[in-house]
Engineer: 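Here you go, one structure.
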Amino acid sequence: MFGALTAMPYILIVTMKKSLLVVQSQSSESDSDGTDQAHNQSIVVPTTVIAIADSFQKKDNSWVVTSQIATDLSIQVQDVTFTVHKYPLVSKCGYIGRLELQPSISNFGYELKLENFPGGSEAFEIILKFCYGLPLDLNPSNIASLRCASEFLEMSEEIDDGNLISKTEAFLTFVVLTSWKDTITVLKSCETLSPWAENLQIVRRCCDSIAWKAPRDNSMVNDEGWCFDDVASLRIDHFMRIITAIRAKGARPEIIGKCIMRYAERWLPGMDAELEGLRGYGYGKNELQFSILIGRKEDEGIEHSKEQKSIIESLVSILPPQPEAAPCKFLLKMLKMAMVYSASQALISELEKRAGMMLENANVNDLLIPNYKCEDQGKMVKSLEKRTMHNTDVVQRMVEYFLMHEQEKQQLPPTSGKSSVSKLLENYLAEVAKDPNLSITKFQVLAEALPERARTCDDGLYRAIDTYLKTHPSLSEYDRRRLCKIMSCGKLSLDACVHAAQNDRLPLRTVIQVLFSEQVKMRAAMQGKEPAASDNNSEQEITQTSTKTEIMALRAELENIKTQMTELQRDYSELQHEYEKQNNKHRNGSAWNFGWTKIRTSALFHRKLEGNEGGEGHQRSNSLGSKINFRRRLSIS
């Protein structure tokens, strides 16, 4: 029978004898109405019942069999009422045959209400047609519900040969489970059939079938990459069972990681969320209001947040521990989502540790983790610590995990990966330094997280410090010096030194240190104390040419600075002398007030005034010119 069934398409035709349908009563109590009491009594159903079985009418929420024989049974499934004949159902369904049907109060016959019927009214309608001998259409979309419904109604072979349980079981085993697409379809339909689909092992068999057909290495992914999309369309509990089965079959960690990443892209739309805050600060009554675009509708509330949180925790729990299973970028995205949806602290720590071990593969945008939670949506955050846009504590912990991981790798050089992480951290500091609410302590701790030997050049750190000073103009001189102590002036490049020498935001002591360190470099280079050259002649020539060029440029810059300092000192002395001169005139002016009144009226004064007008004008113009020159020098410096 199974061989003939597999050769058929997805339609199984169930026929009944055209003569008579004979049902043997098992006992005298088989009829609840008490009219048929004799043993071995046969109930003859005329062929007209079968002949008119295709005459069904639907009216609103009712489903009626029209026949010359009056219907005697009313069955309610969900909100649909089926008015049918009793004996076609009794002949197939052991569950209905065992029930003591209650007489109907409103109509002639009996009433029955099926609670929690698997598959609902759609499945019962198909079963009802099967009981009346009409063609039965089995397909991957309804096979799971019909299998569960037939089990509910006890439609076994003991009741009737070729009953629905055996037919649905054969179709499921020999047709559905041999096809990838059909198995995925059945597994989706099982989402509304709990616990029947679980108890009948439909879910387990589908998951095992998918696991056997799934690719196990990268060579199969290119040809069968579409399978990731199919698996990602399933519910999270079914997806986890498939991943567990695939891992048990020996799939590589990167294959499992790709499945998990595809699932996260589909069900966690906030993975690529853009932040509204630092790049678009909004102030209201000196308070900041943060929001995050997590790709969800406005009316999705607590239930949606719980679902997202459950998905995040489930995906992280089944992620293979191998580093090649998932890139650092994905781990940091999951970390953002876990913090936004308030996942467990153990899960967040696990993500921090795994991402920290791969920190050299991250970029700045990946590290911009919002200091925000989903329950804070639309709320004004008043705490100064919570008003910062980004969570810098997470980044600090990841840097610590990275350093611990580097110490454990004995086979690699101790500075392996630290150079790239130092540049990453410098760029991150330059980004978060734009936050006006970031405290100087947090900035300093984060800047000092890596050891000083991990940085070969401090240009990036200088840029971050300058950005912080620009964003926080009210810092005291002590805090400015404290901040500038983080960087080493001897590790600044030529361009950075030129910029720092003219930066009025830096403390004067830092500017002097920059100039002094460059002078020491020049003196050491001129005395022949350059670092040992490479064996390669071409590289040696390039290094020497670059060193000579830098020395000449630094020498010219120092001479220029010395000239400007000399001019500034001379201008300052002239201004001080002019100021003292004006003060002396002001003191002596009161003693001459009386005599000055008489002198002003004399003709001699007017002649002297006309004679000396040119000379005094020339002196005033010289004084004014010197002041203008002084201001121009200040602006240039």
Engineer: Measuring only between side-chain heavy atoms, which start at C-beta, is Tyr132 closer than 4.5 Å to Val84?
Structural biologist: yes

Engineer: Step through the shown structure and confirm whether more than 12 heavy atoms of other residues, nucleotides or ligands are within 6.0 Å of CD on Glu157.
Structural biologist: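 Above 12, so yes.
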
Engineer: With side chains defined as the heavy atoms from C-beta onward, is the minimum distance between Thr71 and Phe82 less than 4.5 Å?
Structural biologist: no

Engineer: With the side chain counted from C-beta on, respond yes when Lys329 and Asn363 share a heavy-atom pair under 4.5 Å apart, and no when they do not.
Structural biologist: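 When only atoms from C-beta onward are counted, Asn363 and Lys329 do touch, with a gap below 4.5 Å.
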
Engineer: In the structure I gave you, are the side-chain heavy atoms of Leu146 and Phe171 within less than 4.5 Å of one another anywhere?
Structural biologist: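 No, their side chains stay 4.5 Å or more apart.
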
Engineer: State the CG-CD1 distance between Leu114 and Ile96, to the nearest 0.5 angstrom.
Structural biologist: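 That separation rounds to 6.0 Å.
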
Engineer: Does the side chain of Leu331 come within less than 4.5 Å of Leu319's, by heavy atoms?
Structural biologist: yes

Engineer: Could you give the distance from NE2 (His390) to CG (Asn371), rounded to the nearest 0.5 Å?
Structural biologist: 9.5 Å

Engineer: Can you find a heavy atom in the side chain of Leu234 that is under 4.5 Å from one in the side chain of Lys188?
Structural biologist: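 Yes, their side chains come closer than 4.5 Å.
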
Engineer: What do the steps show when you test Glu352 against Arg397 for salt bridge (charged side-chain N to carboxylate O under 4.0 Å, His left out), and what is the final call?
Structural biologist: CA-CA 7 Å; Glu352 290 176 356; Arg397 289 193 294 267; 2.9 Å; yes

Engineer: For side chain to side chain contact (heavy atoms under 4.5 Å, CB included), just list the numbers for Phe124 and Val80, CA-CA rounded to whole Å, side-chain angles, deciding distance to a tenth of an Å, and then say yes or no.
Structural biologist: CA-CA 10 Å; Phe124 187 80; Val80 180; over 6 Å; no

Engineer: Would you say the side chain of Ile210 lies within less than 4.5 Å of the side chain of Cys207, judging by non-hydrogen atoms?
Structural biologist: no

Engineer: Is the backbone of Trp267 close enough, under 3.5 Å, to the side chain of Gln308 for a donor and an acceptor to pair up by distance?
Structural biologist: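 Side chain of Gln308 to backbone of Trp267, a donor-acceptor pair under 3.5 Å: yes, one is there.
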
Engineer: Given the ring of Tyr110, does Lys86 sit roughly above its face, with NZ or CZ under 6.0 Å from the centre of the six-membered ring and within 45° of the axis?
Structural biologist: yes

Engineer: With side chain to side chain contact (heavy atoms under 4.5 Å, CB included) as the test, would you mind laying out the steps for Arg241 and Asp237 before giving the verdict?
Structural biologist: CA-CA 6 Å; Arg241 294 184 65 167; Asp237 55 340; 5.8 Å; no

Engineer: Which residue, Asp182, Thr185, Val186, forms the side-chain contact (heavy atoms from CB on, under 4.5 Å) with Ser141?
Structural biologist: Thr185

Engineer: Mind checking the CD1-CD spacing from Ile236 to Glu313? Nearest 0.5 Å is all I need.
Structural biologist: 11.0 Å

Engineer: Give the intermediate values and the outcome of side chain to side chain contact (heavy atoms under 4.5 Å, CB included) for residues Val175 and Ile143.
Structural biologist: CA-CA 11 Å; Val175 178; Ile143 186 63; over 6 Å; no

Engineer: Check this for me: does any side-chain nitrogen of one of Glu125 and Lys129 sit under 4.0 Å from a carboxylate oxygen of the other?
Structural biologist: yes

Engineer: To the nearest 0.5 Å, what is the distance between CE on Met337 and CD1 on Ile369?
Structural biologist: 12.5 Å

Engineer: Can you list the steps and then say if Thr392 with Val395 is a side chain to side chain contact (heavy atoms under 4.5 Å, CB included)?
Structural biologist: CA-CA 5 Å; Thr392 58; Val395 178; 5.5 Å; no

Engineer: Listed by chain and number, what are the salt bridge (Lys or Arg N to Asp or Glu O under 4.0 Å) partners of Glu115, not counting sequence neighbours?
Structural biologist: Lys113

Engineer: For Asn139, is there any backbone N or O sitting under 3.5 Å from a side-chain donor or acceptor partner on Asn142?
Structural biologist: yes

Engineer: Under a 4.5 Å cut-off applied to non-hydrogen side-chain atoms, are Leu367 and Glu431 in contact?
Structural biologist: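 Contact flag for Leu367/Glu431 side chains = no.
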
Engineer: Please walk me through it: do Glu254 and Lys258 pass salt bridge (charged side-chain N to carboxylate O under 4.0 Å, His left out)?
Structural biologist: CA-CA 6 Å; Glu254 54 266 29; Lys258 288 180 180 179; over 6 Å; no

Engineer: From Met357 CE over to Leu359 CG, what is the distance, rounded to the nearest 0.5 angstrom?
Structural biologist: 11.5 Å

Engineer: Between Phe152 and Phe117, how do the two ring planes meet: parallel, tilted or perpendicular, split at 30° and 60°?
Structural biologist: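 Perpendicular: the ring planes of Phe152 and Phe117 meet at over 60°.
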
Engineer: Taking atom CG of Asn163 and atom CD of Glu154, what is their separation to the nearest 0.5 Å?
Structural biologist: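 Output value for this atom pair is 11.0 Å.
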
Engineer: Name the one of Lys181, Arg262, Arg266 that satisfies salt bridge (charged side-chain N to carboxylate O under 4.0 Å, His left out) with Asp229?
Structural biologist: Arg262

